[in-house]
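Input: a single structure, listed below in structure tokens.
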Amino acid sequence: MVSLRENYDVVVVGAGPAGSIAARTIAQAGNSVLLVEKRQEIGTPVRCAEGVSRTELEKFVQIDPKWICAQIHGYRFHAPDGAAFTVEPNNTGYVLERKIFDRDLATLAANAGAQVLAKTAARNVLCNEHGAIVGVQLSISPDSDISVKSKIVIGADGVESQVGRWAGIDTVPRLRDMCSGVQYLMAGLDVAEDICDFYFGTQIAPGGYLWIFPKGKGMANVGIGIAGNRADKITAQAYLDHFIEANFPTGSVLGVVAGGIPLGGTLKRIVKDGLMLVGDAAHQAFPHTGGGIENALEAGVLAGEVAVDALRAGDYSSRFLEKYQTSWHHRLGKDMSLSYRIKELLQSFDDRAWNRSAALLAHVDAKSLTTKEIMLTIFKEDPSLLLELRHLFTRSPA
Amino acid sequence: MISIKPEVCGICGACVAICRQNALFLFNATLQVSGRCNGCNVCVNICPLGAILPEQQKLRPVAAATMPDDR
């Protein structure tokens, strides 16, 4: 086995996109970084619908064609009564092969000088007498833990994040702000190769949506996310199975992944003395879509840059690290709070509202449809939805 | 305390995230529950696969009371 040092400048817990890009950013500047991942193999099992936008992705990394399963040119939205409208943005979307993507990001971190270690779980954080985080306790085998000291710890340990909890940060979302999700990787499907489909409705995906993201060669991620507070009687999987029985009865299931996504918006505190949280651990996915890859990359880079500055300044206090929290809010704070309000509105839609909206939008040119256009169309043509939207934009997020 | 059906669990961590008691955790690729569980059953609701069985509060005391050697 590789040998660990007793001290690193930074320990990053979790080698998803946020953790790996943070590790790369910090290592590139010449600092010592340990990036640990509790899973046996980085990138598996995938917990994601794997959709990203090309322009967002290329801000952070040079795109490798190996990562791309499908290029997406349209997004089709289906109401419960079957009415549908399509959005065709200029910006190409990708459905990724996260297995390869995640491993390559971790490889970029390793090539930048970070030491990467899979099958290594963090068991706790180390605190000094003032409560500052000064390292982590790692489990390298079932019966032996070791302590590794660091100036900064970055918690990138996903939805089930423990690092934040160990540091005393309240990370528990409200049930209504937690998505309960499951996805099948299916094969043998007759689906459009360049269109992502979304299905809405209280009987289809209460408080959320069902998706079909093509992955090429008749394969697709067919998944569902439903609101946690509406999952008490029927599980997300039962809703998904119901849809698949009706639509793809002869399809094959190559893989099953479950997952939860925190949709309450960014945690109030994402830094402490010696600690920063990034990605799902900081609840940074967009609440109305659950999409989090680009946001995770953004957060990882921002946290990484602040860590580099902090190491230069020799200051790891929360006051210094708050620069990360501030720049995150500066970049994405407004988008996140609008996204939360849209999520709240969509969760309140009944089937009639979905049917009406889709009927209105079905006649609009797909190329001209943007999120803003969608909102405005509903806004202009339907007074009752106008009221709901006014409610949306005048109420502050909870 | 809740109980987990390991053959159904997808080890996704949704329940871990929602547990206010911090009673659930993923370790060695399995989901485990600690004695901190207070039987609130929020995790039962959030589990996408239905892998968590709710606490059945009355079963345990009754069973204990009828155990012949339990004096």
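Order of the sequence lines sets the chain letters (A, B, ...), proteins ahead of strands, with each chain counted from 1.
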**OP:** Please look at Asp280(A) and chain B and tell me whether the side chain, the backbone, both or neither of the residue comes under 4.5 angstrom of a heavy atom of that chain.
**Re:** neither

Do any side-chain atoms of residues 222-239 of chain A form donor-acceptor pairs under 3.5 angstrom with protein atoms, and if so which ones, sequence neighbours left out?
from	atom 1	to	atom 2	distance (Å)
Arg230(A)	NH1	Gln347(A)	O	2.8
Thr235(A)	OG1	Ala238(A)	N	3.1
Gln237(A)	NE2	Tyr184(A)	OH	3.0

Original post:
Within the side chain of Arg165(A), is there an N or O that forms a donor-acceptor pair under 3.5 Å with the backbone of Ala17(B)?
Top reply: yes

Original post:
In Å, rounded to the nearest 0.5 Å, how long is the span from CZ of Arg20(B) to CG of Asp170(A)?
Top reply: 4.5 Å

Original post:
What pairs with Val44(B) under side chain to side chain contact (heavy atoms under 4.5 Å, CB included), at least two apart in sequence or on another chain?
Top reply: Ile2(B), Asn41(B), Ile52(B), Pro54(B)

Subject >> Minimum heavy-atom distance between Cys12(B) and Gly260(A), given as atom pair plus value >> reply: SG-N, 4.3 Å

Subject >> Contacts of type ring pair (Phe, Tyr, Trp, His ring centres under 6.0 Å), residue Phe248(A), not counting sequence neighbours >> reply: none

**OP:** With a 4.5 angstrom heavy-atom cut-off, could you sort out which part of Pro173(A) is near chain B: side chain, backbone, both or neither?
**Re:** both

Original post:
Val16(B) versus Gln162(A): any side-chain heavy-atom pair under 4.5 Å?
Top reply: yes

**OP:** Would you give the length of the straight line joining atom CG of Asn45(B) to atom OG of Ser180(A), rounded to the nearest 0.5 angstrom?
**Re:** 9.0 Å

**OP:** To the nearest 0.5 Å, tell me how far Met178(A) CE sits from Cys15(B) SG.
**Re:** 8.5 Å

Original post:
Are there residues of residues 198-209 of chain A that reach to under 4.5 Å of chain B by heavy atoms, and which ones?
Top reply: none

Subject >> Between CD1 on residue Ile18(B) and CG on residue Leu175(A), distance to nearest 0.5 Å >> reply: 5.0 Å

Original post:
Where does Arg123(A) contact chain B at under 4.5 Å (heavy atoms): side chain, backbone, both or neither?
Top reply: side chain

Original post:
Under a 4.5 Å heavy-atom cut-off, does chain A meet the side chain of Cys9(B), its backbone, both or neither?
Top reply: neither

